**Student:** 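Below is one structure. I have some questions about it.
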2 protein chains.
Amino acid sequence: MSDTTQPRRSTRQQAAVANQLAQLPDFVSAQELHAQLRDEGESVGLATVYRALQAMTAEGQIDMLRTEDGEAIYRACSTTHHHHLVCRECGRAVEVEGPAVERWAEQVSAEHGFTDAHHVIEIVGTCADCRTV
Amino acid sequence: MSDTTQPRRSTRQQAAVANQLAQLPDFVSAQELHAQLRDEGESVGLATVYRALQAMTAEGQIDMLRTEDGEAIYRACSTTHHHHLVCRECGRAVEVEGPAVERWAEQVSAEHGFTDAHHVIEIVGTCADCRTV
DNA sequence: GGCCTAATGAGAATGATTGTCAAAATAGGC
DNA sequence: GCCTATTTTGACAATCATTCTCATTAGGCC
Ligand SMILES: [Zn+2]
Ligand SMILES: [Zn+2]
Ligand SMILES: [Zn+2]
Ligand SMILES: [Zn+2]
């Protein structure tokens with residue numbers, strides 16, 4: 001199964017990225033994370049931030065998904081698993097959960113012989129405020 | 001609700017994009033579509049392809065989603081509504097349906113006052129073949 | 001300490017997407 | 001069909017996230 005988990009060397013930079021991510025409740029882009037680290041003095045090169053996030057994603061330590069405009073965003077996956085309901089006009093996002101969906105995803109994967117399945121679910125709509133404009 | 005559907009003028013280029021898309025059974029990127037049109041002699045400027053796809057997406061005439069590496073891909077949405085279960089190793093995709101999920105998505109949107117909601121659901125796992133390797 | 005090698009960072013390079021703006025095409029009214 | 005107001009197009013430049021390059025730095029280990 002190509003378990004490409006060669007142990008990485010532990011460095012200040014990787015720890016900084018991991019810690020920062022652990023402190024954030026929601027998704028951030030690599031750019032944002034880089035800026036935050038810079039602001040806190042714990043400066044890490046941009047390329048390194050990208051590499052760390054990549055590695056952690058590959059190892060399943062963090063979740064990655066894409067915003068509507070294609071930017072990759074990351075989140076520590078310790079947070080409660082949930083999904084987003086996003087307004088296509090103002091970008092406001094509501095966190096939603098759905099046990100039924102979680103079960104469905106697992107079931108569908110199992111039915112087709114897939115293992116270690118993850119899923120991405122995003123709902124995009126127009127919120128009440130933006131509708132009345 | 002800012003129904004920005006001012007009727008667009010109909011042009012050869014937009015027709016070409018729409019036709020090409022109607023002929024393709026699966027998702028294509030703007031770049032691929034542009035190349036195909038060029039090869040078939042029905043040449044259309046790249047920027048125009050992007051604009052046409054954008055417009056059609058905004059009008060709900062086609063579906064757009066993002067590949068793993070962030071590229072936007074499009075498909076005529078005449079096909080039956082379904083989702084994909086994709087193998088992270090070999091890329092094999094299985095089309096799956098789930099009435100329960102569809103209902104959940106609608107319900108969640110309604111609960112929060114969102115209208116005209118669409119959703120993106122993708123499940124990524126490791127298929128049976130790739131597991132045994 | 002010293003060696004080997006992986007990790008870092010500054011900047012260049014890539015590549016999809018979007019912006020610019022003059023030229024061409026459309027929709028209507030005549 | 002012809003004319004005009006407005007939209008659309010296309011070649012090219014500009015943006016911007018992400019990746020690549022490669023000289024330098026710093027873990028892991030003796
Ligand atoms: Zn809104
Ligand atoms: Zn879920
Ligand atoms: Zn597979
Ligand atoms: Zn669905």
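Owing to the predicted nature of the structure, the values given are computational and were not obtained by experimental measurement. Atom set for the values below is all heavy atoms of this structure, side chains included, hydrogens, waters and symmetry mates excluded. Letters A, B, ... are given to chains in the order of the sequence lines, protein chains preceding strands, and every chain is numbered from 1.
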**Student:** Calculate, to the nearest 0.5 Å, the distance between atoms CZ and CG belonging to R51(A) and L46(A) respectively.
**Tutor:**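 Rounded to the nearest 0.5 Å, the CZ-CG separation comes to 9.5 Å.
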**Student:** Should Q20(A) and E40(A) be marked as a side chain to side chain contact (heavy atoms under 4.5 Å, CB included) after you check the CA-CA gap, both sets of side-chain angles, and the distance that decides it?
**Tutor:** CA-CA 10 Å; Q20(A) 189 67 25; E40(A) 297 182 13; 3.3 Å; yes
**Student:** Testing the basics here: between A76(A) and L21(A), what is the closest heavy-atom pair and its distance to 0.1 Å?
**Tutor:**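 Shortest heavy-atom contact: CB-O, 3.8 Å.
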**Student:** Side chain of R75(B), backbone of P25(B): donor and acceptor closer than 3.5 Å?
**Tutor:**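 Not at all, since once roles are kept as given, no pair shorter than 3.5 Å links the two residues.
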**Student:** At how many degrees, to 10°, do the end axes of the helix from dG1(C)-dC30(D) to dC30(C)-dG1(D) meet when each uses five pairs?
**Tutor:**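 The helix from dG1(C)-dC30(D) to dC30(C)-dG1(D) shows an end-to-end axis angle of 40°.
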**Student:** For the atom pair CD1 (I73(A)) and CG (D63(A)), what is the distance rounded to the nearest 0.5 Å?
**Tutor:**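 Output value for this atom pair is 10.5 Å.
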**Student:** Quick one: is dT18(D) close enough that its OP1 or OP2 comes under 4.0 Å of any side-chain N or O from Q54(A)?
**Tutor:**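 Negative; the distance criterion is not met.
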**Student:** Show me the pairs that pass salt bridge (Lys or Arg N to Asp or Glu O under 4.0 Å) and involve residues 16-34 of chain B, at least two apart or across chains.
**Tutor:**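 Found none.
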**Student:** Excluding sequence neighbours, so at least two apart, what forms salt bridge (Lys or Arg N to Asp or Glu O under 4.0 Å) with E42(B)?
**Tutor:**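 E42(B): salt bridge (Lys or Arg N to Asp or Glu O under 4.0 Å) contacts with R12(B).
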**Student:** Nearest-nucleotide wise, let me know which of R38(B) and A72(A) is further upstream toward the 5' end of DNA chain D.
**Tutor:**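 So the residue in question is R38(B).
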**Student:** Just call it for Q31(B): base, sugar-phosphate, or nothing, with non-hydrogen atoms closer than 4.0 Å on any strand.
**Tutor:**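 Contact class for Q31(B): base.
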**Student:** What are the 5'-most and 3'-most nucleotides of DNA chain C lying under 4.0 Å from any heavy atom of chain B?
**Tutor:**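 Nucleotide range in contact with chain B: dA16(C) to dA27(C).
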**Student:** On DNA chain C, does the nearest nucleotide to R51(A) precede the nearest nucleotide to R66(B) from the 5' side, or the other way round? Give the residue.
**Tutor:**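 The answer here is R51(A).
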**Student:** Which residues satisfy the side chain to side chain donor-acceptor pair (under 3.5 Å) test with D39(A), sequence neighbours excluded?
**Tutor:**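 If we apply the side chain to side chain donor-acceptor pair (under 3.5 Å) test to D39(A), skipping adjacent residues, there are no hits.
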**Student:** Quick one: does R131(A)'s side chain have a donor or acceptor within less than 3.5 Å of a partner on G113(B)'s backbone?
**Tutor:**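 The answer is yes, because a donor-acceptor pair under 3.5 Å joins these two groups.
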**Student:** Provide the full list of ring-ring contact (aromatic ring centres under 6.0 Å, His included) pairs with a residue in residues 18-38 of chain A, sequence neighbours left out, each pair given once.
**Tutor:**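 Sorted pair list: F27(A)-H84(A).
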**Student:** Applying salt bridge (Lys or Arg N to Asp or Glu O under 4.0 Å) as the test, list every pair that has at least one member in residues 105-128 of chain A; sequence neighbours left out.
**Tutor:**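 Found D116(A)-R88(B).
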**Student:** For side chain to side chain contact (heavy atoms under 4.5 Å, CB included), just list the numbers for V96(B) and I121(B), CA-CA rounded to whole Å, side-chain angles, deciding distance to a tenth of an Å, and then say yes or no.
**Tutor:** CA-CA 10 Å; V96(B) 295; I121(B) 301 182; over 6 Å; no
**Student:** What's the CE-C1' distance between M64(A) and dT18(D), to the nearest Å?
**Tutor:**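 Whole-Å distance recorded here is 11 Å.
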**Student:** Assuming nearest nucleotide by heavy-atom distance, tell me which of Q14(A) and I73(B) is located more 5' along DNA chain C.
**Tutor:**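 First, find each residue's nearest nucleotide; the 5'-ward one identifies Q14(A).
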**Student:** Output one line per pair: protein atom, nucleotide atom from nucleotides 23-27 of chain D, and distance, for all N/O pairs under 3.5 Å.
**Tutor:**
from, atom 1, to, atom 2, distance (Å)
dG27(D), N2, R9(A), NH2, 3.2
dG27(D), N3, R9(A), NH1, 3.4

**Student:** Listed in order of residue number, which residues of residues 15-23 of chain B have a non-hydrogen atom at under 4.0 Å from DNA chain D?
**Tutor:**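 Nucleic-acid contacts, sorted: none.
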**Student:** If hydrophobic clusters are built by linking Ile, Leu, Val, Met, Phe, Trp and Tyr wherever their side-chain heavy atoms come under 4.5 Å apart, do L85(A) and L65(A) end up in the same one?
**Tutor:**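 They do not share one cluster, since no chain of ILVMFWY contacts under 4.5 Å joins L85(A) to L65(A).
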**Student:** Could you tell me how far apart E71(B) (CD) and dA17(D) (P) are, to the nearest whole angstrom?
**Tutor:**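 The answer, rounded to whole Å, is 18 Å.
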**Student:** Going from CD on Q13(A) to OG1 on T11(A), what distance comes out if it is rounded to the nearest 0.5 angstrom?
**Tutor:**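 The OG1 atom of T11(A) is 4.5 Å from CD of Q13(A), to the nearest 0.5 Å.
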**Student:** Once rounded to the nearest 0.5 Å, what's the spacing between atom NE2 of H82(A) and atom CD of E95(A)?
**Tutor:**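 Reported value, rounded in 0.5 Å steps: 3.0 Å.
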**Student:** Using side chain to side chain contact (heavy atoms under 4.5 Å, CB included), reason through T48(A) and V17(A) one step at a time and then give a plain yes or no.
**Tutor:** CA-CA 9 Å; T48(A) 301; V17(A) 170; 6.0 Å; no
**Student:** If you group Ile, Leu, Val, Met, Phe, Trp and Tyr by side-chain heavy-atom gaps below 4.5 Å, do V28(B) and L37(B) land in one group?
**Tutor:**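 Yes, V28(B) connects to L37(B) through the hydrophobic network.
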**Student:** Please, which pairs that meet ring-ring contact (aromatic ring centres under 6.0 Å, His included) have at least one residue in residues 97-130 of chain A, sequence neighbours excluded?
**Tutor:**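 Sorted pair list: H81(A)-H119(A), H83(A)-H119(A).
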**Student:** Given side chain to side chain contact (heavy atoms under 4.5 Å, CB included), test V86(A) with E68(A) step by step and report yes or no.
**Tutor:** CA-CA 10 Å; V86(A) 188; E68(A) 190 72 4; over 6 Å; no
**Student:** Just the atom pairs and distances: protein N or O near nucleotides 1-4 of chain D's N or O, under 3.5 Å.
**Tutor:**
none

**Student:** L37(B) has an atom CG; how far is it from atom P of dG10(D), in whole Å?
**Tutor:**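 That distance rounds to 11 Å.
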**Student:** Give, ordered by number, those residues of residues 42-50 of chain B having at least one heavy-atom distance below 4.0 Å to an atom of DNA chain D; if nothing qualifies, reply none.
**Tutor:**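 Under 4.0 Å from DNA chain D: V44(B), G45(B), A47(B), T48(B).
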**Student:** Once you round it to whole Å, what is the distance between P of dT18(D) and CG of L33(A)?
**Tutor:**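 These atoms are roughly 12 Å apart.
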